[in-house]
Amino acid sequence: MKKTVIVSSPGKLIIGGEHAVVYGRRALVTSIGMRLYMELTEEEIENNETNKSLLKILFHDTNQHYSIDLLDIHDSYPIEIQAILYVYNRFKSFISNQSHLNIQVRSEIPIGAGLGSSAAFSVCLVGCFYLLYYKTFNQEDINQLSYKVECIFHGTPSGIDNTISTYGQSLVYSRTLKKHINFHLSNLAIIDTGIPKSTKKMVDLVRLFIENNQKDGEKCLNDIELCVDKMIEYPEQINQLFQQNQQLLKCLGVSTIEIDNIIQILADKNISAKITGAGGGGCLIALTSNFTKDQILDLLKDNHIKSIYFVECGVEGLREEQIF
Ligand SMILES: Nc1ncnc2c1ncn2[C@@H]1O[C@H](COP(=O)(O)OP(=O)(O)O)[C@@H](O)[C@H]1O
Ligand SMILES: C[C@@](O)(CCOP(=O)(O)O)CC(=O)O
């Protein structure tokens with residue numbers, strides 16, 4: 001017998017409040033129209049002469065595939081395989097040891113750019129197992145377990161990425177708050193610098209800054225939260241609030257010379273921009289008014305730019321799909 005489920009969940013943009021959210025402050029986040037798709041199949045083997053139960057994984061985006069003997073698991077796998085094995089272990093009691101499992105992943109979310117690819121991966125992974133073995137979605141349970149998977153990727157994340165990927169739409173989020181809001185920005189561009197970043201490294205950098213500059217650090221975090229609250233209350237001030245939030249991120253030490261240059265060039269044309277996500281590279285968001293993608297690319301032609309995206313915001317969270 002063969003059972004298959006397919007799910008998808010979205011990436012995200014942190015509009016304001018990244019890093020401060022790690023310290024319990026409020027952040028504003030929206031889901032985006034870039035999704036990760038995952039298919040999980042369990043196939044019972046009738047004449048299993050080898051007595052092997054295999055987990056076969058295919059990552060279409062990185063063109064990697066694995067075939068893992070589930071009776072002989074070791075601990076030197078890449079992190080995304082460790083994440084899969086963690087969730088497999090949680091559902092093991094439902095799975096016949098005469099079965100093979102197949103997982104396929106494909107994604108529209110650039111990997112490692114600050115747009116929440118690891119969270120979408122974690123949420124889809126938990127969502128797939130949940131749907132196959134409980135036949136339903138329980139968003140709260142899925143979000144909680146996805147957070148644990150995110151911890152495998154990131155140590156102790158705030159939980160903002162898995163929460164928005166599970167629930168979708170736009171959220172005011174803190175460790176103790178999850179409130180859906182109506183939030184729309186027109187002409188919001190994502191500028192992918194293509195500069196590799198490490199969320200863990202950036203979070204560690206901020207921790208060090210706060211430990212060594214307690215008073216300034218605390219003020220910075222409080223000011224970031226103030227910015228977020230104003231973004232929600234006074235959306236007409238969003239340009240100025242982007243600039244303030246970016247300055248505060250710079251104070252925390254997560255901007256770079258390349259990012260500062262890009263932001264200055266855009267500011268000269270009255271385009272407000274800020275880091276989204278961990279910083280140190282990755283993506284920026286910019287309020288581009290009437291500039292087209294080609295005009296922005298032209299403005300930034302001497303800088304490190306990989307892609308520019310205009311995406312839909314506030315989309316549906318985790319959902320079942322019929323087609324992979
Ligand atoms: N499409 C994918 N295929 C395989 N692994 C993925 C995919 N998307 C995300 N991942 C996993 O998530 C990691 C990226 O996490 P991270 O660096 O935090 O980036 P992001 O900022 O996009 O969340 C990848 O290294 C990989 O382990
Ligand atoms: C820096 C942080 O606030 C957001 C990180 O986002 P990303 O990993 O760059 O997508 C960390 C967190 O919230 O856990």
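Keep in mind that the numbers below use all heavy atoms, side chains included, and drop hydrogens, waters and symmetry copies. Just so you know, ligand 1 is whichever comes first in the structure, and atom 1 is the first atom listed for that ligand.
- Closest approach of Gln246 and Ile275 over heavy atoms only: OE1-N, 2.9 Å.
- With Tyr167 as the aromatic partner, Lys178 meets the cation-pi criteria of under 6.0 angstrom to the ring centre and within 45 degrees of the ring axis.
- Heavy atoms only, all atoms of each residue included: Gly314 and Ser170 are closest at CA-OG, 4.1 Å.
- Note: an N/O pair closer than 3.5 Å links Gly114 and ligand 1 by distance alone.
- Proximity of Gly277 to ligand 1 is not established, as no heavy-atom distance is less than 4.0 Å.
- Residue Val105 has no N or O atom closer than 3.5 Å to an N or O atom of ligand 1.
- Ranking the protein heavy atoms by distance from atom 26 (C) of ligand 1 puts Glu80 OE1, 3.7 Å first.
- Below 4.0 Å from some heavy atom of Lys197 lie the following atoms of ligand 1, by number and element: 21 (O).
- Ranking the protein heavy atoms by distance from atom 10 (N) of ligand 1 puts Phe121 CD1, 4.0 Å first.
- For ligand 2, the polar-atom distance check finds an N/O of Asp161 within less than 3.5 Å of one of the ligand's N/O atoms.
- Aromatic ring centroids of Phe94 and Tyr134 lie under 6.0 Å apart.
- Distances below 4.0 Å separate heavy atoms of Thr199 from the following atoms of ligand 2: 5 (C), 7 (P), 8 (O), 9 (O).
- Within ligand 1, counting atoms from 1 as listed, the ones closer than 4.0 Å to a heavy atom of Ser107 are 1 (N).
- Between Asn261 and Asn303, the side chains place no donor N or O within less than 3.5 Å of an acceptor N or O (distance only, hydrogens not considered).
- Heavy-atom separations between Lys12 and ligand 2 include at least one value shorter than 4.0 Å.
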Give the intermediate values and the outcome of salt bridge (Lys or Arg N to Asp or Glu O under 4.0 Å) for residues Glu316 and Arg319. CA-CA 8 Å; Glu316 199 182 343; Arg319 68 179 182 217; 3.3 Å; yes

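- For the residues Ala278, Ser165, Ser117, the heavy atom positioned nearest atom 20 (P) of ligand 1 is part of Ser117.
- Ligand-side atoms of ligand 2 in range of Gly277: 6 (O), 9 (O), range being under 4.0 angstrom from any heavy atom.
- Remark: minimum distance from atom 14 (O) of ligand 2 to any protein heavy atom is reached at Ser158 N, 2.8 Å.
- Atoms of ligand 1 lying under 4.0 Å from any heavy atom of Ile79, numbered from 1 in the order shown and given with element: 27 (O).
- The shell of residues lying under 4.0 angstrom from ligand 1, judged by heavy atoms, includes His154.
- With hydrogens and angles disregarded, a donor-acceptor distance shorter than 3.5 Å links the side chain of Ser146 to the backbone of Ile142.
- Checking only distances, Asp61 does come within under 3.5 Å of ligand 1, N or O to N or O.
- The aromatic ring centres of Phe324 and His60 sit less than 6.0 Å apart.
- When hydrogens are left out, the protein atom nearest atom 11 (C) of ligand 1 is Phe153 CE2, 3.8 Å; that is the closest non-hydrogen contact.
- The nearest pair of heavy atoms linking Asn245 to Lys274 is OD1-CE, 3.3 Å.
- The hydrophobic clustering, which links ILVMFWY residues whose side-chain heavy atoms are closer than 4.5 Å, places Tyr130 and Leu85 together.
- Scanning both residues, Gln169 and Ile164, for their nearest heavy atoms gives O-CD1, 3.2 Å.
- Judged by the shortest distance from any of its heavy atoms, Lys197 lies inside the 4.0 Å radius around the atoms of ligand 2.
- With hydrogens and angles left out, the side-chain atoms of Glu42 and Ser99 include a donor and acceptor closer than 3.5 Å.
- Looking only at heavy atoms of the protein, atom 4 (C) of ligand 1 is closest to Phe59 CD2, 3.6 Å.
- When the options Val22, Ile275, Ile109 are ranked by their closest heavy atom to atom 11 (C) of ligand 2, first place goes to Val22.
- The shortest heavy-atom distance from Ile111 to ligand 1 is under 4.0 Å.
- Arg106 does not count as a contact of ligand 1, since none of its heavy atoms falls under 4.0 Å from the ligand.
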Chi angles and distances behind the side-chain hydrogen bond (donor to acceptor under 3.5 Å, both in side chains) call for His304, Glu258: CA-CA 7 Å; His304 204 300; Glu258 289 94 336; over 6 Å; no

side-chain hydrogen bond (donor to acceptor under 3.5 Å, both in side chains), that's the test. Do Gln264 and Asp268 meet it? Break it down for me. CA-CA 6 Å; Gln264 187 55 54; Asp268 290 345; 2.9 Å; yes

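- Cluster membership for Leu188 and Ile14, using ILVMFWY side-chain heavy atoms within less than 4.5 angstrom, is not shared.
- Close approach of ligand 2 to Ile160 (heavy-atom distance below 4.0 Å) involves ligand atoms 13 (O).
- Per-residue contacts place Ile14 under 4.0 angstrom from the following atoms of ligand 2 (heavy atoms of the residue considered): 4 (C).
- For ligand 2, the atoms sitting less than 4.0 Å from at least one non-hydrogen atom of Glu18 are 3 (O), numbered in the order shown with element in parentheses.
- The ligand atoms of ligand 1 that sit less than 4.0 angstrom from a heavy atom of Ala113 are 21 (O), 22 (O).
- Residues Glu39 and Thr4 have side chains that never bring a donor and an acceptor to within less than 3.5 angstrom of each other.
- Heavy-atom minimum distance, Ser165 versus Val123: CB-CG2, 3.9 Å.
- Proximity to Val21 (heavy-atom distance under 4.0 Å) selects the following atoms of ligand 2: 3 (O), 13 (O).
- Put simply, the residue from Arg207, Lys201, Lys200 that forms a side chain to side chain donor-acceptor pair (under 3.5 Å) with Asp204 is Lys200.
- Checked by distance only, ligand 1 and Ser118 come closer than 3.5 Å through their nitrogen or oxygen atoms.
- Looking only at protein heavy atoms, the nearest one to atom 17 (O) of ligand 1 is Gly112 CA, 3.7 Å.
- Residue-ligand proximity, Pro157 to ligand 2, at heavy-atom distances under 4.0 Å covers atoms 14 (O).
- Shortest contact from atom 3 (O) of ligand 2 to any protein heavy atom: His19 N, 2.9 Å.
- Within the structure, ligand 2 lacks Val254 among the residues with a heavy atom less than 4.0 angstrom away.
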